[in-house]
Amino acid sequence: MFISFAFQKSRVSPPSAIRTDSLTKSYGTVNAVKDLDLTVRSGEVFGFLGPNGAGKSTTIDLLVGFTAPTSGSGRVLGTDIRDDADTLRSDVGILPDDYAVFPELTGREHVRSMRRLKGGDDEIDRVFDLVGIDEADRDRAAGEYSKGMCQRLALGMALICDPDLLILDEPTSGLDPDGVATVRDIVRDRACDGTTVFFSSHHLAEVEAVCDRVGIMNRGQLVAVDTIESLRERAPSDTRLRMRVSEEPSSHVVDTLSAESGIVPISVSDDEVVVACEKPSAKADAIETLHRSTPVRDFDVESPSLEHVFDAYTDPDRNTDRRSSDEATTEGRT
Amino acid sequence: MTVVDYFVHDLLLTRRTKVGRTVFAAVGLAPLAGVGISFVLSNDALTARFVLLSTWLVVSGVVPIVAVLGSAAAISGNRESGRLRLMLGSPTTQSDVLFGTFAARLLLVQFGLLVGLTVAVALMVILSLPMALGRLGGFLLFTPLMAAVYVSLGIAASTTVRTQLRSLSLAIAGFVATLVWPQVATVLASVFESLSGITLSATLVHFIGTLSPFGAYAQAIGDGGAIYGMDASTPLLQSGVMGLVLLLWVGMPLGLAYQQFVTADV
């Protein structure tokens, strides 16, 4: 079930919900986060991507004051993360990673405790309705909850008292498809309500579905920040153009295509020509060139998946392997 | 006042857990067990002093170990499991957690003691035992203070290390150290005397022994003669000084824990 929040944000938010300047966290000689310059605008849904050990969770720990930075600075909702972390947490809903529930307390007692600690008077059942925990389960000990229910409970604790900023670390972990859809709905709804959402995840499809912009972390550094579309365009991953033709083009046409700048033929068959286009304008050139020799009946554009974009920024070698594998599969089909 | 809110949260948790219930039951039953043992051992010649001594022996044996172990995993357990991370997603600070947890565990132990001591005193009244009120008063005053010391030690152990097992080990080591300190002080004084040729006064050695919470408690309840074979004879060994020693032992571990914990990573 999905219930909307009934009111819009009335507080004046700073232009940047999160801003860090050269934020660094080192453990001995290891830089878990290095020189992080990150800006998350108020009201946006920001996806935070990165492989395991990239520094995503450490970044979140720094932002909410769970750990102190080695150097650099940061402000969350205008509050300094070094000096006033507890104050900023009153306006932030946090779903941390590596958390556990209190097995002896009921779900209701968890949310009530969090509400008391946040000093709010939010209605507890509204939060349970929002995260999809049935009435019968609300007064059961959390020790009897499944992993997915614990995740819903923790999400509910993050949502209590209507935070201005939601920081969600792997929020869909352990959830069934229905739970994943619920999280997606909550994030979208909160974004409509003006809440800033900082969404860290390994599930690229989830990030793609809900986020306005994404940041990609790798080895403690922010390697890219932009909209997903812009990242696709910037990443060295080719868009693939699949053109359906009336008859197989001659080898001369294939050579002509190859000679065009930014076009790489991948496969040619009786009724289909597939080319990789390195830049957007190359697609029109490819269609025009092919159409001169044989009519192009239809075409599809296959953008690189977010996985390809992700690999391009975090592991270029694996990206090349993945593209090669895809091409082999395509050729096998043709 | 999130320290109060965290206190309420931890008190609720304590009431629900087996550890919390066990602590309450053990602390509450200890004075009654002391009275019961005095009955069994009295051979029909029951005196108030014997009942009090028996009760003191049981209480001083049970309450410190239960208090220290009942508190030792309070924060480290939540930290190790990730429950602390969940609750710190609020304006709660680490000092709120420290003092809120201490207050909750202290209240649990004190409430158990209050119930147990009230029933024990009621039994003594019913039995019409001629009580030395000063001695009884000292017992009723200093026993909760001694319990507070061991709760403080347990909480300090709980914040100093990151895992339950380590904090429990540290708490047990601390408990044993405070327990044997009066004897250790005597041995060290003998060694010092034999090495230096300087004779230390018995009062000074005795005082050094009372610098541990167990030694101070034994001295303060006013039956030091029964324990040390020596009654307080100087201002240094009076109840007020022992009370001060115990108060320092409540504050010192908490102060060190505060320094250690508030700047630590969650």
Side-chain angles (χ1 to χ4, degrees), chain A residues 25 27 32 57-58 60-62 64-70 79 82 84-106 109-120 141-143 150 153-161 163 166-169, chain B residues 1-24 70 73-101 103-105 108 162-164 258-266:
Chain A
K25 178 67 181 180
Y27 296 99
S57 293
T58 305
I60 289 176
D61 283 358
L62 287 166
V64 299
F66 285 177
T67 187
T70 308
T79 305
R82 274 179 182 270
D84 228 356
D86 50 316
T87 305
L88 76 86
R89 289 201 297 258
S90 60
D91 294 324
V92 178
I94 303 163
L95 173 62
D97 75 331
D98 269 347
Y99 73 87
V101 297
F102 295 89
E104 301 85 4
L105 301 187
T106 66
E109 285 165 341
H110 276 83
V111 180
R112 190 180 291 142
S113 277
M114 184 55 79
R115 182 180 68 174
R116 189 185 301 118
L117 290 167
K118 285 195 165 187
C150 287
L153 174 61
L155 184 59
M157 292 171 75
L159 288 168
I160 195 82
C161 299
L166 264 179
I167 294 182
L168 309 175
D169 200 349
Chain B
M1 282 293 285
T2 45
V3 65
V4 175
D5 296 325
Y6 201 86
F7 159 75
V8 172
H9 164 74
D10 196 67
L11 196 61
L12 172 69
L13 190 66
T14 309
R15 281 166 45 204
R16 291 284 170 78
T17 57
K18 284 178 186 167
V19 171
R21 289 173 185 165
T22 306
V23 167
F24 180 78
I75 294 173
S76 59
N78 288 342
R79 198 174 179 189
E80 186 180 9
S81 65
R83 292 188 287 263
L84 189 59
R85 292 173 68 80
L86 189 67
M87 297 316 292
L88 284 178
S90 65
T92 311
T93 62
Q94 275 142 286
S95 65
D96 294 332
V97 172
L98 171 66
F99 293 114
T101 307
R105 305 295 159 138
L108 176 79
R162 298 182 76 96
T163 66
Q164 282 191 77
Y258 177 82
Q259 268 200 321
Q260 169 77 21
F261 187 54
V262 291
T263 54
D265 289 351
V266 179

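Lettering follows sequence order; numbering is per chain, from 1. Computed from a predicted model, the values in this text were never measured in an experiment.
For the atom pair OG1 of T92(B) and CE of M114(A), the computed distance is 7.0 Å after rounding to the nearest 0.5 Å. Separation of atoms CZ (F102(A)) and CG (D10(B)) is listed at 8.0 Å; rounding is to 0.5 Å. For the atom pair L12(B) CG and R112(A) CZ, the distance stands at 8.5 Å (nearest 0.5 Å). How far CG of D265(B) is from OG1 of T58(A): 9.5 Å, rounded to the nearest 0.5 Å. Between atom CE of residue M87(B) and atom OH of residue Y99(A) there is a gap of 13.5 Å, rounded to the nearest 0.5 Å. The line from CG of D84(A) to OG1 of T93(B) is 11.0 Å long, rounded to the nearest 0.5 Å.
Heavy atoms only, all atoms of each residue included: R16(B) and E104(A) are closest at NH1-O, 3.5 Å. Contact record, A154(A) with L86(B): CB-CD1, 3.9 Å, taken as the closest heavy-atom pair.
Counting only distance, with no hydrogens or angles, the side chain of R89(A) and the backbone of P91(B) share no donor-acceptor pair below 3.5 Å.
The shortest distance between side-chain heavy atoms of P103(A) and R83(B) falls below 4.5 Å. Side-chain contact between D61(A) and V266(B) is absent, with no heavy atoms from C-beta onward closer than 4.5 Å.
The most heavy-atom pairs under 4.5 Å with chain B, out of E109(A), M157(A), H110(A), come from E109(A). Put simply, of I160(A), D98(A), I94(A), the one with the most heavy-atom pairs under 4.5 Å next to chain B is D98(A). Note on V101(A), L95(A), I167(A): by heavy-atom pairs under 4.5 Å with chain B, the leading option is V101(A). When each of V92(A), L117(A), T87(A), L88(A) is scored by its heavy-atom pairs under 4.5 Å with chain B, the top score falls to L117(A).
A salt bridge between R85(B) and D169(A) is absent, with no side-chain N of the basic residue lying under 4.0 Å from a carboxylate O of the acidic one.
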